[in-house]
2 protein chains.
Amino acid sequence: MKEGPDIAQIGSLIGDPARANMLTALTGGKALTATELAGTAGITLQTASSHLSKLEAGGLIAQRKQGRHRYFTLADDDVGLMIEGLMGFAAYRGFTRHRTGPKDPALRKARVCYNHLAGDYGVRMLDSLVAEEVIAGVGDKLQLTPSGEGKMTALGIDLPALVRSRRPVCRACLDWSERRSHLSGSLGQALLTLFLDKGWARREPDSRAVRFTGTGEKEFARLFPLPAPSAVERHDQHTVEA
Amino acid sequence: MKEGPDIAQIGSLIGDPARANMLTALTGGKALTATELAGTAGITLQTASSHLSKLEAGGLIAQRKQGRHRYFTLADDDVGLMIEGLMGFAAYRGFTRHRTGPKDPALRKARVCYNHLAGDYGVRMLDSLVAEEVIAGVGDKLQLTPSGEGKMTALGIDLPALVRSRRPVCRACLDWSERRSHLSGSLGQALLTLFLDKGWARREPDSRAVRFTGTGEKEFARLFPLPAPSAVERHDQHTVEA
DNA sequence: GCGATGCTTCGGTTACGGTCGAAGTATGAA
DNA sequence: TTCATACTTCGACCGTAACCGAAGCATCGC
């Protein structure tokens, strides 16, 4: 009856608590089976199956058969960004389920956001990359600078492969704990993979939390030095003095 | 039962078609009465009243009594950004209600996004501001540059007043039709107000569309020249050649 | 082949929420 | 005061969808 896109369908997909729990779980980035998702949502397998088919019909998740298991993931980066965006809004508005659990500090420090690094460390990494002029851009469209391409390649990142992936290489994703942007896109994913592969960090078993090892902390600080408290830091109060 | 913010509550608020219609209508930026909102949603006044109180309890809208009317608006910029973000996601995924109506081209060209300019013109304006180094920044955190402050003041914008408003001055908002960022925040609002006050553009009666006058077009082109097709334009395919 | 596991489909129950009619409150106009 | 408009509250109806038990497929291991 009205012009424009229909947000109600998406809203109602996310609006059910069971489905919201599943989506939140999938934001962890790992592919999960129907049984696991039923567990995290606290419902039986039959009910979960029904929810999952609805989410798939809505294009929010994708499934992949492997043996007798069905692994579910978020459909793509866009879904992850949207969910993370909603979580940011919800967190800021005080829509929380469990008044900051015990794992909360670890989650705020460093966590997985679908396939890249988020939390304090994620935000610091992007701040540093911008300060070092590895990345430039405006809005959610970011770009590698020519000098940045060199630095990333030196780190062992296969840039041509990232470009070939046909997904945006750099992208800004709003962090729900920091309310600042961190790096998403295929480069964001590649960097997280790098940390994990090098053994600098590892994922907590049943959580989105990422724990850095001792050398991991050092390497992170070396690769992504914090800029002196500058333009990037003070974001809300602007330079315009009244 | 799980950590993190609760997206289900917000989802279910938006998930009802009637409420979604109301929110979409309010994205137009004008304050609307309960009766008007009931009309756009296609429901009776009683039902609308119930929906509106739910939306208000959820913090998505605010009301202001004036005489015997109650005017409703979105609660703040954050809500507008979230809704617009969802609309972008929905549009990209093909969740549309009415297969691109007749007003659609006008909407894509220039429209109101809560309180600032969106659509092709909104995106072009931000592109130009960045190319002219009036605005710089990364992610959704943008900043006026010192030279930019001068230019905006010269345009007749009261920067100290914007700062006093305690809202972010510059902010990136994802455009659902262009899938690029445009300028939000109090500066974005001030610029749209400027266009309307100067008579360069006016709002269509019952739509979010904004129509520029002849001189408005010229002034817009003069104030916000398009950068030569450069880094800002080609955003998805990166400079890295395979 | 057989049983076990992982998941889907079917059927029936239940409950929540959207809906409207009718009545009630508040503001303004005459 | 009286009537009209703008809106809310109450109560009842009804449809949808979430939910689970049971049965049905598919795949793996043996």
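Proteins get letters first, then strands, A, B, ... in listed order; numbering begins at 1 in each. Keep in mind that what you see is a predicted model, and the values were worked out from it rather than measured.
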Value in whole Å for how far the P atom of dG21(C) lies from CD1 of Ile43(B): 13 Å
Spacing between Asn21(A) atom CG and dA18(D) atom C1', to the nearest angstrom: 14 Å
NZ/NE/NH1/NH2 to OD/OE distance under 4.0 Å, Arg111(B) and Asp175(B): yes
Closest non-hydrogen atom pair, Phe212(A) against Phe195(A): CZ-CD1, 4.3 Å
Rounded distance (Å) that lies between atom P of dC25(D) and atom CZ of Arg70(A): 15 Å
Nearest-0.5 Å distance, CD1 of residue Ile83(A) to CG of residue Asp78(A): 11.5 Å
N-O pairing of Asp77(A) and Arg167(A) below 4.0 Å: yes
Whole-Å distance separating the OH atom of Tyr71(B) from the C1' atom of dC7(D): 13 Å
Stepwise side chain to side chain contact (heavy atoms under 4.5 Å, CB included) test for Ile43(B) and His51(B): CA-CA 10 Å; Ile43(B) 51 180; His51(B) 284 308; 3.8 Å; yes
Distance-only donor-acceptor check, side chains Glu36(B) and Tyr71(B), under 3.5 Å: no
d(CD, Glu36(A); C1', dG6(C)) in whole Å: 12 Å
Glu84(B) and Arg171(B) ion-paired at < 4.0 Å: no
Atom-pair distance (CG on Leu45(B); C1' on dT19(C)), nearest Å: 13 Å
side-chain N/O Thr44(A) vs dC19(D) OP1/OP2, d < 4.0 Å: no
Closest to side chain of Ala18(A), choosing from dC19(D), dT19(C), dC7(D): dC19(D)
Protein-nucleotide distance (Gln9(A), atom CD; dT16(D), atom C1'), rounded to Å: 16 Å
Positions of residues 47-64 of chain A (non-hydrogen atom under 4.0 Å from DNA chain C), listed by number: Ser49(A)
Least distance between heavy atoms, Arg19(A) atom then Ser12(A) atom: NH2-O, 3.0 Å
Summary of protein contacts for nucleotides 22-30 of chain C, nucleotide by nucleotide, where a base hit scores B, a sugar-phosphate-only hit scores S (4.0 Å, heavy atoms): B----BS--
His69(B), nearest nucleotide to its side chain (from dC19(D), dA6(D), dC7(C)): dA6(D)
Sidechain N-carboxylate O distance under 4.0 Å for Glu204(A), Lys109(A): no
